[in-house]
Amino acid sequence: MIIKQLSSNDTGETGGHQGGILVPKKMEILNFFPTLPKEEKNPRIQLTFIDDAYKQWEFNFIYYNNKFFGGTRNEYRLTGMTKFFKFYHLKAGDKVNFNKHERVYKIGYERNNIPETNGKLKLTNSWITVKMK
DNA sequence: AGCCATGCACCG
DNA sequence: CGGTGCATGGCT
């Protein structure tokens with residue numbers, strides 16, 4: 001499974017209203033998600049995730065690739081997560097984990113234990129891949 | 001490469 | 001009319 005530590009921009013705390021997280025271009029991560037056609041501009045796919053409470057969430061996995069169409073973007077994003085963040089009151093520093101079990105996408109979260117995280121918190125390697133046996 | 005930020009469209 | 005999400009540019 002893969003785990004993402006939320007950045008402040010992911011949750012909208014920076015004032016942004018993106019409503020989603022950024023997905024790095026790492027094979028281990030991208031392999032988890034469906035493959036999006038790079039021939040197409042900004043291809044997207046809707047994914048349904050189920051959390052621990054068996055609640056369903058619809059997220060959009062989008063490949064912003066306008067780099068190949070005259071723009072400058074070349075990155076993946078998982079959007080439409082604002083409801084999820086709000087429902088569980090997740091904030092920057094908290095972690096969200098994704099899992100795929102029998103063709104079913106699962107989502108979970110993990111709160112950050114670090115108390116003194118009030119100010120800006122620098123995130124490096126915010127994504128973690130966990131090999132499941 | 002990854003995170004920050006925003007104009008605008010859409011929708012309640 | 002205000003919040004949300006898309007698409008995109010900017011900054012580090």
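Quantities reported herein were computed from a predicted structural model and do not represent experimental measurements. Computed from heavy atoms alone, side chains included, the values below leave out hydrogens, waters and symmetry copies.
With hydrogens and angles left out, the side-chain atoms of A:Gln18 and A:Asn9 include a donor and acceptor closer than 3.5 Å. Side chains of A:Gln56 and A:Thr48: no donor on one and acceptor on the other come within 3.5 Å.
Contact between the side-chain N/O atoms of A:Thr82 and the OP1/OP2 oxygens of C:dG5 is found at a separation under 4.0 Å. A:Thr79 has a side-chain polar atom (N or O) that falls below the 4.0 Å cut-off from OP1 or OP2 of C:dC6. Between B:dC4 and A:Ser7, a contact under 4.0 Å exists linking OP1 or OP2 to a side-chain N or O. Proximity of A:Lys86 to the phosphate of C:dG5: no side-chain N or O atom is located under 4.0 Å from OP1 or OP2. Listed pair A:Asn74 / B:dG2 fails the phosphate criterion, with no side-chain N or O lying under 4.0 Å from OP1 or OP2. At the phosphate of B:dC4, OP1 or OP2 sits under 4.0 Å from a side-chain N or O atom of A:Ser8.
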Report task. Verify side chain to side chain contact (heavy atoms under 4.5 Å, CB included) between A:Asp10 and A:Gln5, making sure each step is shown before the conclusion. Result -> CA-CA 9 Å; A:Asp10 293 334; A:Gln5 182 169 27; over 6 Å; no
Report task. Begin from the C-alpha positions of A:Leu90 and A:Arg111 and carry the test side chain to side chain contact (heavy atoms under 4.5 Å, CB included) through to its verdict. Result -> CA-CA 7 Å; A:Leu90 298 178; A:Arg111 293 190 193 284; 3.7 Å; yes
Report task. List the steps, then state whether side-chain hydrogen bond (donor to acceptor under 3.5 Å, both in side chains) holds for A:Tyr109 with A:Asp51. Result -> CA-CA 9 Å; A:Tyr109 64 93; A:Asp51 68 13; over 6 Å; no
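Relative ring orientation between A:Phe49 and A:Phe59 is described as tilted, the plane-to-plane angle lying within the 30° to 60° band. Between A:Tyr76 and A:Phe61, the ring planes are parallel. Angles under 30° get that label, and only those over 60° would be called perpendicular.
Atom P of nucleotide B:dC4 and atom CD1 of A:Ile21 are separated by 13 Å, given to the nearest angstrom. If you measure from atom CG of A:Asn42 to atom P of C:dC6, you get 11 Å, rounded to the nearest angstrom. Between the NZ atom of A:Lys26 and the P atom of B:dA1 there is a distance of 12 Å, rounded to whole Å. A:Asn65 has its CG atom 16 Å from the C1' atom of C:dG9, to the nearest Å. Taking atom OH of A:Tyr64 as the reference point, atom P of B:dC3 lies 16 Å away to the nearest angstrom. In this structure, A:Leu22 places its CG atom 17 Å from P of C:dG10, rounding to the nearest Å. Taking atom NZ of A:Lys67 as the reference point, atom C1' of C:dT8 lies 14 Å away to the nearest angstrom. Regarding A:Asn9, its CG atom lies at a distance of 14 Å from the P atom of C:dT12, rounded to whole Å.
Set against B:dA5, C:dG10, B:dA1, the side chain of A:Arg73 has C:dG10 as its closest nucleotide.
A heavy-atom distance below 4.5 Å is found between the side chains of A:Tyr63 and A:Asn74.
Distance NZ/A:Lys4 to CD1/A:Ile107: 12.5 Å, rounded to 0.5 Å.
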Show each protein N/O and nucleotides 7-9 of chain B N/O combination with a separation under 3.5 Å, one pair to a line.
{"unit_1": "B:dG7", "atom_1": "O6", "unit_2": "A:His17", "atom_2": "NE2", "d": "2.6"}

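DNA chain C is contacted by A:Asn60 of residues 55-63 of chain A, taking any non-hydrogen atom closer than 4.0 Å.
When each of A:Gly19 and A:Arg77 is assigned the nucleotide of DNA chain C bearing its nearest heavy atom, the one mapping closer to the 5' terminus is A:Gly19.
In A:Tyr54, the OH atom is not crowded: 12 or fewer heavy atoms of neighbouring residues, nucleotides or ligands sit closer than 6.0 Å.
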